[in-house]
Protein chains: 2
Amino acid sequence: MGRPREHDEQTRRTLLAVAGDLLASEGSAGVSVRRVSQEAGTTTRAVYSLFGDKEGLLRALYQQAAETMRHHHEAVPEDEDPLVEITALALAYRAAALEEPNLYGLFMSGAVPGFRPVGEDARLARRSLARVVQAVQRFVDTGKLPGRDPRAVAQQLWGLVHGLAALELQGHLGPPGQAEARWRDAVLAAVTGYRQPPSTPQ
Amino acid sequence: MGRPREHDEQTRRTLLAVAGDLLASEGSAGVSVRRVSQEAGTTTRAVYSLFGDKEGLLRALYQQAAETMRHHHEAVPEDEDPLVEITALALAYRAAALEEPNLYGLFMSGAVPGFRPVGEDARLARRSLARVVQAVQRFVDTGKLPGRDPRAVAQQLWGLVHGLAALELQGHLGPPGQAEARWRDAVLAAVTGYRQPPSTPQ
DNA sequence: ATCGTAACGTAACAGCGTCGCGATAGGCTG
DNA sequence: CAGCCTATCGCGACGCTGTTACGTTACGAT
């Protein structure tokens, strides 16, 4: 019974695509409920029917960004040398961040006003790093990172790459060539450090 | 000639203090020109006379945050061991970030909608790390970080601490005790790595 | 054919950043 | 001392925002 819904899955996809484009082309200021729904050829009601509210729309975008990050990581081949594989994973993270800076900003921190991932969404960010945890675990198991806690190392590497990404997106790392050198060097130093057994007990 | 200005230096300080308090207590959503000016006992015009526009007000807050960060760093005593001094500097960074998360978010990236530091302000962020650059320079000069470019190392350490701060503020590092352990461990690994001469030419 | 109901578009609400406009207040000139 | 000049003031309006109450519409069930 009742009127059949026209705000369907297709409309949902269109809204998400438009929101993503607007975020990329005009930044967070361009993403308003009116603007997005109008450019998607529908009305503001559609956003509220499909996503609950504006934050719901942003949450969907966030999940999409997390998925993109996960795909970038899973495309990295395994390597028996931790330095090679971890460097490749870091550069995959960098590629994802540079590819869609605004989407990455939404994903990793505060590029959009009041948006903050909570609960399941916050865990989504961590899950997108599963590939890194798995790699570090493998290196620990085979004695290549002696005495290390895989989750701790993955967290710390995550911190490093996120910080480098934030700095590069703000222009603090110079031109892309120099920036990549900074990434490689930082990862190299970190992995070198992790290859030594930790001196503080954990 | 003309009417004497009542939007003076005192008004400016009051507006900045109110804006800082609102940012700390209610986040970026609480900082509106109307709200700030009203709670400061003046009118919206004062903000536009003294700061140009809302972004001018935020810029002034940003500069204040940079200054706070610089002070935290300069309070760290010198030490002949790079590991000791750099760890202390990193924990000073952490303390500044945790002390006023919203101000730090404004300072380091996108905690406020359309705000992005440019030009002189972006350089201000780098200048707040002068103490780190100086320390690394000293270690390079005395051969404790052989073959390193002080500016590159400082940038990379900056990336590391910023990333860790962002992760911790988002709750990804667990309770404060574990978080501090993560910080110490990450810095330890990085410094250990920097003590080895770089294998890639720079 | 009529009714019930669910989803629709519209229009309104409060709040936002910004700025044009008339009022105001003090220093300079006569 | 009176009056003008002008820089600064507060007020109110403009167009925007996210959200939602409301009247309308379209279909399945009776």
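Numbered from 1 within each chain, the chains take letters A, B, ... in sequence-line order. This one's a predicted model, so the numbers in the text were calculated from it and none came from an experiment.
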Letter by letter from the 5' end, nucleotides 18-28 of chain D scores (B base, S sugar-phosphate only, - none; protein heavy atoms under 4.0 Å) BBBB---BBSS

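One atom, CG of Asp8(A), and another, P of dA7(C), lie 13 Å apart when rounded to the nearest Å. Computed from coordinates, the Gln38(B) CD to dA14(C) P distance equals 16 Å when rounded to whole Å. As a whole-Å value, the separation of Phe51(B) CZ from dT18(C) P is 13 Å. Here dA7(D) presents its C1' atom at 14 Å from CG of Leu50(B), a figure rounded to the nearest Å.
Side-chain N or O atoms of Arg148(A) include one that pairs as donor or acceptor with a backbone N or O of Gln196(A) at under 3.5 Å. Proximity of a side-chain donor or acceptor of Gln155(B) to a complementary backbone N or O of His172(A) within less than 3.5 Å is detected. Using a distance-only test at 3.5 Å, with no hydrogens or angles considered, no donor-acceptor pair links the side chain of Glu168(B) to the main chain of Ala179(B).
Side-chain contact between Arg94(A) and Pro176(A) is present, with at least one heavy-atom pair separated by less than 4.5 Å.
Using a cut-off of 4.0 Å between Lys/Arg side-chain N and Asp/Glu carboxylate O, Arg131(B) and Glu85(B) are scored as salt-bridged.
Side-chain atoms of Tyr104(B) and Glu99(B) form no donor-acceptor pair, as typed in the model, at a separation below 3.5 Å.
Residue Ser49(A) has a polar side-chain atom (N or O) positioned under 4.0 Å from OP1 or OP2 of dC8(C). Dashed line: the shortest gap from a side-chain N or O of His7(A) to OP1 or OP2 of dC8(C) is under 4.0 Å.
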